[in-house]
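Per chain, numbering begins at 1; letters A, B, ... match sequence-line order. All values below come from the heavy atoms of this structure, side chains included, with hydrogens, waters and symmetry mates left out.
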Amino acid sequence: MITAVKGTQDLLFPEVRRWQQLEAAARGLFERYGFGEIRTPLLEPTELFVRGIGDETDIVAKEMYTFQDRKGRSLTLRPENTAGVARAVVEHRLHDSPQHARLYYIGPQFRYERPQKGRYRQFHQMGIEILGEGAPGADAEGIAVAVDLLDAAGIPAATVQLNSVGCAECRPPYVALLKASLAPRVSELCGDCRRRLETNPLRTLDCKVPSCQPVLDAAPRLDEGLCAACADHHRAVREILDLLRISYRVRPRMVRGLDYYVRTVFEVTSEALGAQDALVGGGRYDGLLRALGGPDAAGFGWALGMERLLMAMPPLPGERLPRVYLAWSGAGTYARVLLLARELRAMGVAVLVEHQERSFKSALKRADRLNARWALLVGEEELESELYTLKDLASGGQQALAAADVAARVREEAP
RNA sequence: GUGAGCGUAGCUCAGCUGGUAGAGCCCCGGACUGUGGCUCCGGUUGUCGCGGGUUCGAUCCCCGUCGCUCACCCCA
């Protein structure tokens with residue numbers, strides 16, 4: 001048996017209905033905030049992610065689906081969408097176009113990781129990008145979009161966690177200071193932190209191992225290492241969030257795994273999830289466009305994990321589909337029923353026809369199993385009178401109606 | 001990449017210290033010859049993940065392997 005590739009999955013009805021509703025709700029919200037959709041390729045040159053995300057990051061170092069095409073070019077299935085959007089912006093010179101300054105995307109992403117709850121090799125993200133706007137209001141508004149989306153989805157217990165990781169000016173000196181402070185006590189750190197000290201010293205701050213905490217507590221604080229401009233920016237973002245009545249927690253040690261972030265970084269986590277509890281992650285990425293050969297333009301964005309959001313969302317009530325199940329019996333009825341079904345569909349009614357002749361009893365049983373809202377019975381009597389028996393499967397009541405009246409009756413209820 | 005748990009019918013699972021498999025659900029039909037849901041009756045479905053070993057005999061014990069799940073790492 002051929003099975004789906006590890007870490008990928010088929011989305012079946014009715015589960016897929018939840019995806020459709022989430023996407024529709026998100027599109028509506030994004031557009032109310034002035035965002036327009038962008039669809040970028042799933043496949044990009046590997047170089048894009050190496051330069052955009054950073055070759056030292058876990059994503060690039062060990063989690064990419066990378067392969068060579070027939071001409072030997074290295075291609076990668078996108079592990080996230082910001083780099084692709086940035087590439088498109090630079091390529092089409094969208095940075096000067098106010099029309100394209102606010103973009104959103106919805107689509108699959110790929111990372112070669114060991115799957116677990118809330119983490120898949122093909123997963124789906126929706127996200128926004130605000131380009132060319134360096135003011136702190138953009139950060140706060142971007143976070144507001146995420147919060148509104150989670151509210152609309154009915155997510156309980158979601159917390160915004162906020163931090164600033166500085167900029168190209170103040171971060172390098174801080175990292176040097178941090179490294180110097182931790183080096184003498186390296187023996188007290190966990191194995192992971194010892195490794196991080198070499199590869200990405202900032203990440204040690206995020207360590208949850210208890211024995212590391214005293215050492216990290218004694219280390220110089222990231223917020224104290226911020227330059228005046230970064231500190232002002234951070235303060236302003238918090239003030240605007242307060243103004244918007246968006247609650248958040250400042251986590252001075254939160255650091256994110258993509259190299260392109262500067263200043264604001266944030267996450268939204270939910271207790272409704274397992275170990276992989278981040279629903280949304282993002283931040284400011286001034287400088288990314290430039291790193292990709294574009295202008296020195298500001299950027300802010302986030303991505304939301306759709307599988308995780310759906311996991312945390314309350315379930316939908318069951319649907320009655322198809323709306324009308326057409327049951328028939330008797331010689332010569334089938335031909336009439338096929339035409340009747342088309343007639344009803346043309347009038348906007350969802351109809352399912354049984355192609356096997358079966359008893360009304362058996363047909364009604366199937367209608368019930370299919371969770372149909374109505375059954376339309378067509379036998380010899382109906383063929384004769386051209387009045388069809390419409391049965392309400394919830395109440396059990398039924399009436400004889402002409403085709404147009406059947407359609408009208410069924411359409412009285414919103415689908 | 002590392003660790004742990006689990007692979008028995010389409011699904012959820014049972015199978016006692018080894019004697020070659022069962023239930024519920026689902027599906028189909030009937031009781032009710034033009035009326036579903038409840039009830040009752042009947043019917044269909046298995047390389048016990050795969051390969052090897054131990055044994056008179058393995059779904060059960062051992063080894064390997066593949067898959068799934070959860071966790072670590074990291075992230076959405």
Original post:
Looking for any heavy atom pair under 4.0 Å, which part of the strands does E381(A) touch: base, sugar-phosphate only, or nothing?
Top reply: base
Subject >> Atom C1', compared across U35(B) and G30(B): separation rounded to whole Å >> reply: 16 Å
**OP:** Under a 3.5 Å limit for both distances, which nucleotide forms a Watson-Crick or G-U wobble pair with G67(B), could you say?
**Re:** C6(B)
Subject >> Listed nucleotide nearest any side-chain atom of L364(A), set G29(B), C73(B), U35(B) >> reply: U35(B)
Original post:
Roughly how far apart, to the nearest Å, are U44(B) and C11(B) at atom C1'?
Top reply: 16 Å
**OP:** Quick one: label E80(A) by what it contacts on the DNA or RNA (base, sugar-phosphate, nothing), any heavy atom closer than 4.0 Å.
**Re:** nothing
Original post:
What distance, rounded to whole Å, do you find between the two P atoms, one in U17(B) and one in U12(B)?
Top reply: 25 Å
Subject >> Complementary nucleotide of C61(B), counting Watson-Crick and G-U pairs under 3.5 Å >> reply: G53(B)
Subject >> Same-atom distance (C1') from G24(B) to U45(B), integer angstrom >> reply: 15 Å
**OP:** Looking at every strand, decide which applies to R369(A) at a 4.0 Å heavy-atom threshold: base, sugar-phosphate, or nothing.
**Re:** sugar-phosphate
Original post:
What does C11(B) pair with, Watson-Crick or G-U, if both distances are under 3.5 Å?
Top reply: G24(B)
Subject >> RNA chain B: 5'-proximal contact among A303(A) and G396(A) (nearest heavy atom) >> reply: G396(A)
**OP:** Using a heavy-atom cut-off of under 4.0 Å over every strand shown, decide if Q398(A) touches base, sugar-phosphate, or nothing.
**Re:** base
Subject >> Same-atom distance (P) from G49(B) to C16(B), integer angstrom >> reply: 15 Å
Original post:
C72(B) P sits how many Å from D58(A) CG, rounded?
Top reply: 14 Å
**OP:** For residues R121(A) and Y112(A), determine if any side-chain heavy atom of one lies less than 4.5 Å from a side-chain heavy atom of the other.
**Re:** yes
Original post:
Could you go step by step and tell me if F35(A) and Y104(A) meet the ring pair (Phe, Tyr, Trp, His ring centres under 6.0 Å) rule?
Top reply: CA-CA 6 Å; F35(A) 291 86; Y104(A) 79 87; 7.4 Å; no
Subject >> Any-strand Watson-Crick or G-U partner of G1(B), both distances under 3.5 Å >> reply: C72(B)
Original post:
How is R366(A) classified with respect to the nucleic acid when contacts are heavy atoms under 4.0 Å: base, sugar-phosphate, or nothing?
Top reply: sugar-phosphate
Original post:
Name the one of Q21(A), R18(A), H124(A) that satisfies side-chain contact (heavy atoms from CB on, under 4.5 Å) with L310(A)?
Top reply: R18(A)
Original post:
Under 4.0 angstrom, heavy atoms only, what part of the nucleic acid is Q109(A) near: base, sugar-phosphate, or nothing?
Top reply: nothing
Subject >> Between C13(B) and G51(B) - C1' atom distance, rounded Å >> reply: 27 Å
**OP:** Describe the nucleic acid contact of L309(A) in one word from base, sugar-phosphate, nothing, applying a heavy-atom distance below 4.0 Å.
**Re:** nothing
Original post:
Can you tell which of C74(B), G37(B), C68(B) lies closest to the side chain of K6(A)?
Top reply: C68(B)
Original post:
What distance, rounded to whole Å, do you find between the two C1' atoms, one in G19(B) and one in A58(B)?
Top reply: 10 Å
**OP:** Identify whether any heavy atom of K391(A) sits under 4.0 Å from a base atom; if not, whether one sits that close to sugar-phosphate; answer base, sugar-phosphate or nothing.
**Re:** base
Original post:
T3(A) or G305(A): which one's nearest nucleotide on RNA chain B is closer to the 5' end?
Top reply: T3(A)
**OP:** Apply salt bridge (Lys or Arg N to Asp or Glu O under 4.0 Å) to the pair R203(A) and E56(A), showing each step before the final yes or no.
**Re:** CA-CA 12 Å; R203(A) 292 218 66 86; E56(A) 294 293 307; over 6 Å; no
**OP:** Take atom P in G52(B) and the same atom in C25(B), then report the distance between them in whole Å.
**Re:** 38 Å
**OP:** Take K365(A) and D368(A) through the salt bridge (Lys or Arg N to Asp or Glu O under 4.0 Å) test and state the conclusion after the steps.
**Re:** CA-CA 5 Å; K365(A) 188 175 279 191; D368(A) 196 55; over 6 Å; no
**OP:** Indicate, with a heavy-atom threshold strictly under 4.0 Å, whether R114(A) touches base, sugar-phosphate, or nothing.
**Re:** base
**OP:** Using salt bridge (charged side-chain N to carboxylate O under 4.0 Å, His left out) as the criterion, point out the one residue from E44(A), E129(A), E47(A) that pairs with R87(A).
**Re:** E44(A)
**OP:** Rounded to the nearest angstrom, tell me the gap between atom CD in E382(A) and atom P in G34(B).
**Re:** 12 Å
